[in-house]
2 protein chains.
Amino acid sequence: MTNAKTDPRILRTRKLIMDAFMELSGKKEFKDITVKDITTEAMINRATFYYHFEDIYDLLEKVLSEVLLVNLDCDFYQNNDLNEESLVKIFIAITNFQKSLSNRCHRGYEDTIARIIREQLEVVLYKMLLNQNKIEVDEGLRITAVILSWGIYGASVEWRRDDKGMLPEEFIKLAIPSIISGVNITKE
Amino acid sequence: MTNAKTDPRILRTRKLIMDAFMELSGKKEFKDITVKDITTEAMINRATFYYHFEDIYDLLEKVLSEVLLVNLDCDFYQNNDLNEESLVKIFIAITNFQKSLSNRCHRGYEDTIARIIREQLEVVLYKMLLNQNKIEVDEGLRITAVILSWGIYGASVEWRRDDKGMLPEEFIKLAIPSIISGVNITKE
DNA sequence: GTGTATGTGTTGTTTATCCAACACATTGAA
DNA sequence: TTCAATGTGTTGGATAAACAACACATACAC
């Protein structure tokens, strides 16, 4: 949670690299982007790239995670319970994120992207659950977060598949009762 | 003329500092801008500032020189003779530069600014004169450049003073004949 | 095949930047 | 006055970034 103050040069350089990568993603397919392209655009040395990232796939992963987190983070999960409103917002954030990706060119990396979304989602949901239960750690809540993250991500896939022109918020609201209250047979 | 390749970190950091300073100039008066303000905005260490600039006045000087050069440089003085057209362009560039400064807040530094404009102007004019005479060095042309730079700067001061709503290009065109052909009594 | 070109990832050395600490000046409030 | 707060400019040691050089892989032409 705390990083004991990282060197500002590191933050600055990482930002330069990530911004350069996002800029290039708007112009080329991922498979056509070389490390040299990125470092030239970022105005840093190629060796410096490898100081911060394993390789270009590692960069992809971290960029996507960060972009998604920006979409999710600031609005909630500080100071927000996991209720209908926040679930809708999260779902919208995910569909927005996927929409923004389809503009950029990451064909062939759908699985990676799916995993990243789900992992970030899990982290956020877990934090919100802990927060609203005022607990430090809890394995039960963690597993709940895992299940919810898979479920919500699956819903976003389903939403994209049947393009009935339904709005994301409409779509997810159909499922929210069973998420909030659980699968309760004695519904009536 | 050639710098034997400067370290990219230096170029990058100088740009960060200068951009930060210009950003702040739009918000505060020069006298209220501290070195800490600049380095915070530029995301660099305060000691690094002093690695590149003597002090904040040194920075002011270099920023103004660079901004003015950008206004002048690219358009001419490569591949351009000193004729009516280029003189008009130069004059417009100077008045534009002064207009852009009046938005920012450099009150109390008019003399510094005047000197910077004149010095840069002299350099540009000298290069153009050498260029069109196909000479390497010439003390006569250098002095011509000095006189011209003072004269043209003086014209810009005069133009601002009597705000008859005359356009810069109209104003300078009145003087161009005597600049080009010299003060020739047997005019007719 | 052989050569040329382009990309990846690593290494050792040099250099720019960070940082904490310092002395000193200025300002304003107690 | 004295003290606290804020700004300037400098220094020595630690660390990130630059750079050139390297081995290796892939591809494409002749």
Side-chain angles (χ1 to χ4, degrees), chain A residues 2-25 27-64 66 104-109 112, chain B residues 2-25 27-64 66 104-109 112:
Chain A
T2 60
N3 297 3
K5 243 196 259 179
T6 45
D7 193 309
R9 286 172 288 186
I10 292 185
L11 300 174
R12 196 197 308 141
T13 302
R14 290 211 176 126
K15 179 159 166 38
L16 284 172
I17 294 175
M18 289 184 164
D19 287 349
F21 177 67
M22 291 203 277
E23 176 68 23
L24 289 173
S25 302
K27 300 182 193 159
K28 294 187 188 186
E29 288 207 30
F30 177 72
K31 73 172 176 49
D32 294 328
I33 298 175
T34 70
V35 174
K36 186 89 196 75
D37 292 339
I38 295 169
T39 56
T40 302
E41 173 84 24
M43 293 189 300
I44 58 133
N45 192 275
R46 201 165 56 86
T48 307
F49 176 92
Y50 291 102
Y51 184 88
H52 293 280
F53 302 96
E54 290 267 325
D55 51 32
I56 206 169
Y57 303 100
D58 184 33
L59 172 63
L60 173 66
E61 185 141 337
K62 284 174 177 158
V63 166
L64 294 183
E66 185 148 315
R104 310 182 177 283
C105 306
H106 298 297
R107 256 172 288 171
Y109 294 89
T112 306
Chain B
T2 60
N3 297 1
K5 242 196 256 178
T6 45
D7 193 308
R9 285 174 289 185
I10 292 185
L11 300 175
R12 198 197 306 142
T13 301
R14 290 211 177 126
K15 179 161 166 36
L16 284 172
I17 293 175
M18 289 185 164
D19 287 350
F21 177 67
M22 291 203 276
E23 175 69 22
L24 288 174
S25 302
K27 300 182 193 158
K28 293 188 189 186
E29 288 205 29
F30 176 72
K31 72 172 175 49
D32 295 329
I33 298 176
T34 70
V35 174
K36 186 88 196 75
D37 292 339
I38 295 170
T39 56
T40 302
E41 173 83 25
M43 293 190 300
I44 58 134
N45 193 276
R46 201 165 55 86
T48 308
F49 176 92
Y50 291 102
Y51 184 87
H52 293 281
F53 302 95
E54 290 268 326
D55 51 31
I56 206 171
Y57 303 99
D58 184 32
L59 172 63
L60 172 66
E61 185 141 337
K62 283 173 178 159
V63 165
L64 293 183
E66 186 149 315
R104 311 181 178 284
C105 308
H106 297 299
R107 256 172 289 169
Y109 295 90
T112 306

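The sequence lines fix the lettering, A, B, ..., with proteins before strands; numbering per chain opens at 1. These numbers come from the heavy atoms of this one structure, side chains and all, not from hydrogens, waters or symmetry mates. Bear in mind the structure is a predicted one, so any value in this text is a computation, not a measurement.
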Nearest-Å distance for atom pair [atom1]/[atom2], residues [X] and [N]:
X: B/Asp7; N: C/dA16; atom1: CG; atom2: P; answer: 5 Å
X: B/Asp37; N: D/dT8; atom1: CG; atom2: C1'; answer: 13 Å
X: A/Lys36; N: C/dG9; atom1: NZ; atom2: C1'; answer: 14 Å
X: A/Asp32; N: D/dA27; atom1: CG; atom2: P; answer: 14 Å
X: A/Asn45; N: C/dT15; atom1: CG; atom2: C1'; answer: 12 Å
X: B/Arg46; N: C/dC22; atom1: CZ; atom2: C1'; answer: 11 Å
X: A/Arg14; N: D/dA16; atom1: CZ; atom2: P; answer: 10 Å
X: B/Leu16; N: C/dA16; atom1: CG; atom2: C1'; answer: 13 Å

Need to verify one output field. Residue with the more 5' nearest nucleotide on DNA chain C, A/Ala47 or B/Met43?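 Between the two, 5'-proximity favours A/Ala47.
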Does D/dA18 have its OP1 or OP2 closer than 4.0 Å to a side-chain nitrogen or oxygen of B/Arg12?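 For B/Arg12, the contact criterion (side-chain N or O under 4.0 Å from OP1 or OP2 of D/dA18) is met.
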Counting only side-chain N and O atoms of A/Thr34, is one of them less than 4.0 Å from OP1 or OP2 of C/dT6?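 For C/dT6, OP1/OP2 do not have a side-chain N/O of A/Thr34 under 4.0 Å.
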Got a sec: does the CD of B/Glu41 have more than 12 other heavy atoms crowding it under 6.0 Å?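 Yes, CD of B/Glu41 has more than 12 neighbouring heavy atoms, counting only those of other groups under 6.0 Å.
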Check whether more than 12 heavy atoms from other residues, nucleotides or ligands sit under 6.0 Å from atom CD of B/Glu66, and answer yes or no.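 Incorrect, the count does not exceed 12.
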Candidate pair B/Phe53 and B/Met18, rule side-chain contact (heavy atoms from CB on, under 4.5 Å), full reasoning: CA-CA 11 Å; B/Phe53 302 95; B/Met18 289 185 164; 4.2 Å; yes
What is the bend of the helix from C/dG1-D/dC30 to C/dA30-D/dT1 when you compare the axis at one end with the axis at the other, using five pairs each and rounding to 10°?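 About 30° separates the two local helix axes.
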Please give me the minimum heavy-atom distance between [X] and [Y], naming the atom from each residue.
X: B/Thr34; Y: B/Ile56; answer: C-CD1, 4.3 Å
X: A/Ile44; Y: A/Phe49; answer: CD1-N, 4.0 Å
X: B/Arg46; Y: B/Thr39; answer: CA-CG2, 3.7 Å
X: A/Ile38; Y: A/Ile33; answer: CG1-CG2, 3.7 Å
X: A/His52; Y: A/Thr13; answer: NE2-CG2, 3.7 Å

Side chain of A/Val35, heavy atoms from C-beta onward: which of D/dA18, C/dC18, C/dT8 has the nearest atom to it?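 The closest nucleotide is C/dT8.
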Please list, by residue number, the residues of residues 48-58 of chain A whose heavy atoms come closer than 4.0 Å to an atom of DNA chain D; answer none if no residue qualifies.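 Those residues whose heavy atoms fall under 4.0 Å from DNA chain D, taken from residues 48-58 of chain A in numerical order, are A/Thr48, A/Tyr51, A/His52.
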Side-chain donor or acceptor of A/Arg9 under 3.5 Å from a matching atom on the base of D/dA17?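 Answer no: no donor N or O sits under 3.5 Å from an acceptor.
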Going by heavy atoms in the side chains, are A/Met22 and A/Val63 under 4.5 Å from each other?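 When only atoms from C-beta onward are counted, A/Val63 and A/Met22 do touch, with a gap below 4.5 Å.
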